[in-house]
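Below: the structure, in structure tokens.
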Protein chains: 2
Amino acid sequence: MKTKQNTLYVGSLAKGLQLLKAFDESHTDMSLSELAQRTGLNKSATQRLANTLHVEGMLDKDPVTRRFRPSHAWLQLAYAYYWSDPLVGQAMPKLIGLSQELGETVNLAEMSGDHIVYVSRLPCKRTHFAATIIGRRLPALSTAAGRAMLSTFPEDERNHAIETWPVQKFTPGTTIDRDEIRQTIEQAVTDGFSISSGQMLLNETSVASPIIGHEGRAHAAVQCSVSAHTWTREKVEREILPKLQDTANAISPSFQPYRGGTPGPLNGE
Amino acid sequence: MKTKQNTLYVGSLAKGLQLLKAFDESHTDMSLSELAQRTGLNKSATQRLANTLHVEGMLDKDPVTRRFRPSHAWLQLAYAYYWSDPLVGQAMPKLIGLSQELGETVNLAEMSGDHIVYVSRLPCKRTHFAATIIGRRLPALSTAAGRAMLSTFPEDERNHAIETWPVQKFTPGTTIDRDEIRQTIEQAVTDGFSISSGQMLLNETSVASPIIGHEGRAHAAVQCSVSAHTWTREKVEREILPKLQDTANAISPSFQPYRGGTPGPLNGE
DNA sequence: GACAGTTGTATCAAATAATGATACGCCGCA
DNA sequence: TGCGGCGTATCATTATTTGATACAACTGTC
């Protein structure tokens, strides 16, 4: 299979990455054969690549079951990522402050193509496991954070996104009607924030405020999840929203996506 | 350079991984040449490998500066890691509860060779950035968590570790004398926990309690960091330690490293 | 208790796909 | 204007990956 027969493309490396990407929430550890099956590579290639990854410390191998698992190195990559993302350094202390003030779960989400990814999570309440760990990727249109960010986009881009970006049904309450989604986003355009309920989890309400970046466009959002049992929409708007927006605004001005303003000494450390 | 001339070893993949590993706290984004220099690979190889990683979504490339940066995919790997580590699923809700009860920063650390790695962090106070992000790797001997875990090891292994594992000076107060370290670990053997101050950060006190696993051996620890300004050692032992140990114990019994106890339906998910 | 089926491991000859020297164009700087 | 550094592109050579194949170890069934 010549995926990309370009001389600037190293097939073996790409195949090795396939192995890494084959692991997810429902494939937490895999045997050689499973790995081969899932990647579509033949047994020999899988063997060689998996062995290489193992030797290089990227895959743990259970000595008795011979199954492969992600290694601690995967977390070190996340560690390196955090240092490389200027927004995280800016936002982290403020997010901590917010979560302490609110006593509720606070997240930092970033736009990644047509999805959002949770970059930082500060869980305050016991909740679904997936809601407590970083790196989760969700369709932007289906999340309050994604909608809040989209609301800062130019109108044509916004419309294009609403019409073409993927949506997915997570709960019986997830909105998959694009007209309804359009309404929530237009609402966010006027409000400057976005609220939704029961989109990802039943009985969960989510508020998000965009972090305005270069040229008024948001690449990220601060988001807060609360139980819909104890929080009415009004109570959220009254008690959470102001602090949430303050936090988002406090992060905004100092954040330059590429090389926006003054190239002075970085204070993000 | 024939690193490993084994037919089960794919050199190109290993070289590609070198590029990924080249990023860390002081190398957050790199040009092609820097990358080449840092990995020791020639320009051509670096170009091909970096390009491949870029096409595969593992490296972002700034369109104007042409510098490479870790991509969001690095966080997705962390996401997959979390699902694969049974301990995390077990511990997370309890850690959240603990951090809420204490109002102080709570961490989950795991042993990784002769280092520990912070797998989960629940920061409650504004602190140094490095103390708020996961994936950090520290010499086990230099941390309360590492010492707490080591205290559960058989005596000979413990001694071997104390004599041979690496130590590193982080602050003027960091203990690098192995005899002193031995004392703290032996203390932990009798106490069942470990406390230290000013090892990683000045004015920081750290308490850790091991999470006992298969055969009484700890692979992980719950750790709590507090300000040495406001917390005396006695106060820590009185107000934090009991809850910390309760949490560690609550995680322990249900955790089997490989296939320890009953092979019944797993409750880890 | 032997058998069939599956999985992990090891080998090897063939040729594909990675290699690295080289050359080109671009930009910043003196 | 010229120099040095950097990113990009090309190409012939050959080293490296390739995948079929064979072997070994294990599982569960009849």
Side-chain angles (χ1 to χ4, degrees), chain A residues 1-20 22-23 27-56 58-71 258-259 263, chain B residues 1-20 22-23 27-56 58-71 258-259 262-264:
Chain A
M1 186 208 299
K2 286 110 213 263
T3 27
K4 300 272 197 327
Q5 51 184 1
N6 182 343
T7 112
L8 293 183
Y9 187 84
V10 181
S12 320
L13 174 54
K15 288 177 200 158
L17 297 176
Q18 282 187 60
L19 292 199
L20 300 184
F23 291 88
H27 299 87
T28 58
D29 61 320
M30 300 172 90
S31 68
L32 193 60
S33 329
E34 285 178 81
L35 221 30
Q37 197 168 11
R38 218 171 124 67
T39 55
L41 300 168
N42 64 42
K43 196 165 68 162
S44 301
T46 310
Q47 179 190 187
R48 275 192 302 268
L49 296 167
N51 178 256
T52 306
L53 290 169
H54 176 51
V55 170
E56 291 300 317
M58 291 299 296
L59 284 180
D60 283 348
K61 187 175 185 176
D62 186 310
V64 31
T65 66
R66 326 243 100 168
R67 308 189 111 236
F68 293 97
R69 280 196 6 180
S71 78
Y258 286 127
R259 50 198 204 128
Chain B
M1 184 210 298
K2 287 111 214 269
T3 26
K4 301 268 184 1
Q5 50 185 1
N6 181 345
T7 111
L8 292 183
Y9 187 83
V10 181
S12 320
L13 174 54
K15 287 177 199 159
L17 296 176
Q18 280 187 59
L19 292 198
L20 300 183
F23 291 88
H27 299 86
T28 57
D29 61 321
M30 300 171 91
S31 69
L32 194 58
S33 326
E34 284 179 80
L35 222 28
Q37 196 169 11
R38 217 171 124 68
T39 54
L41 300 167
N42 63 43
K43 197 163 66 161
S44 301
T46 310
Q47 179 189 188
R48 275 192 302 268
L49 296 166
N51 178 257
T52 306
L53 290 170
H54 176 51
V55 170
E56 291 299 318
M58 291 300 295
L59 283 180
D60 284 347
K61 186 176 185 177
D62 186 312
V64 31
T65 66
R66 328 241 100 169
R67 308 189 111 236
F68 294 97
R69 281 195 5 184
S71 78
Y258 286 127
R259 42 177 207 150
T262 60

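Chain A is the first sequence line, chain B the second, and so forth, proteins listed ahead of strands; every chain is numbered from 1.
- Every pair tested for side-chain hydrogen bond (donor to acceptor under 3.5 Å, both in side chains) that includes a residue from residues 43-54 of chain B fails, sequence neighbours excluded, so the list is empty.
- Rounded to whole Å, the distance from CG on A:N51 to P on D:dT18 is 13 Å.
- Among residues two or more places apart in sequence or in another chain, the ring-ring contact (aromatic ring centres under 6.0 Å, His included) test is passed with A:F68 by none.
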Close N or O pairs between protein and nucleotides 25-27 of chain D (under 3.5 Å):
none

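- Comparing the end axes of the helix from C:dG1-D:dC30 to C:dA30-D:dT1, each fitted to five base pairs by superposing C1' atoms of four pairs onto the next four, gives an inter-axis angle of 40° (nearest 10 degrees).
- Put simply, the side chain of A:R38 does not reach to within 4.5 Å of the side chain of A:F23, judged on heavy atoms.
- A:L59 is not listed as a side-chain neighbour of A:S71, based on a closest heavy-atom distance of 4.5 Å or more.
- In this structure, the side chains of B:L17 and A:M58 come closer than 4.5 Å at one or more pairs of heavy atoms.
- Two residues are said to be in side-chain contact when any heavy atoms from C-beta on lie closer than 4.5 Å; B:L19 and B:L41 meet this criterion.
- Here C:dA18 presents its C1' atom at 11 Å from CG of B:N42, a figure rounded to the nearest Å.
- Contacts of A:Q37 classified as side chain to side chain contact (heavy atoms under 4.5 Å, CB included), with partners at least two apart in sequence or in another chain: none.
- One atom, CG of B:L49, and another, P of C:dA17, lie 16 Å apart when rounded to the nearest Å.
- Within the model, atoms CD of B:E34 and CG of B:D29 stand 7.5 Å from one another, a figure rounded to the nearest 0.5 Å.
- As a whole-Å value, the separation of A:Q37 CD from C:dT6 P is 12 Å.
- Side-chain atoms of B:R69 never come within 3.5 Å of backbone atoms of B:D60 as a donor-acceptor pair (strictly under, hydrogens ignored).
- With hydrogens and angles disregarded, no donor-acceptor distance shorter than 3.5 Å links the side chain of A:E56 to the backbone of A:L53.
- In plain terms, the two heavy atoms of A:P70 and A:T28 that are nearest each other are CD-O, 3.5 Å.
- The phosphate of C:dA18 has OP1 or OP2 within less than 4.0 Å of a side-chain N or O from A:S12.
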For nucleotides 4-11 of chain D, read 5' to 3', which letter fits each nucleotide if B means a protein heavy atom sits under 4.0 Å from the base, S means only the sugar-phosphate is that close, and - means neither?
--SBBBBB
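- Going from atom OH of B:Y9 over to atom P of C:dA10 covers 17 Å, rounded to whole Å.
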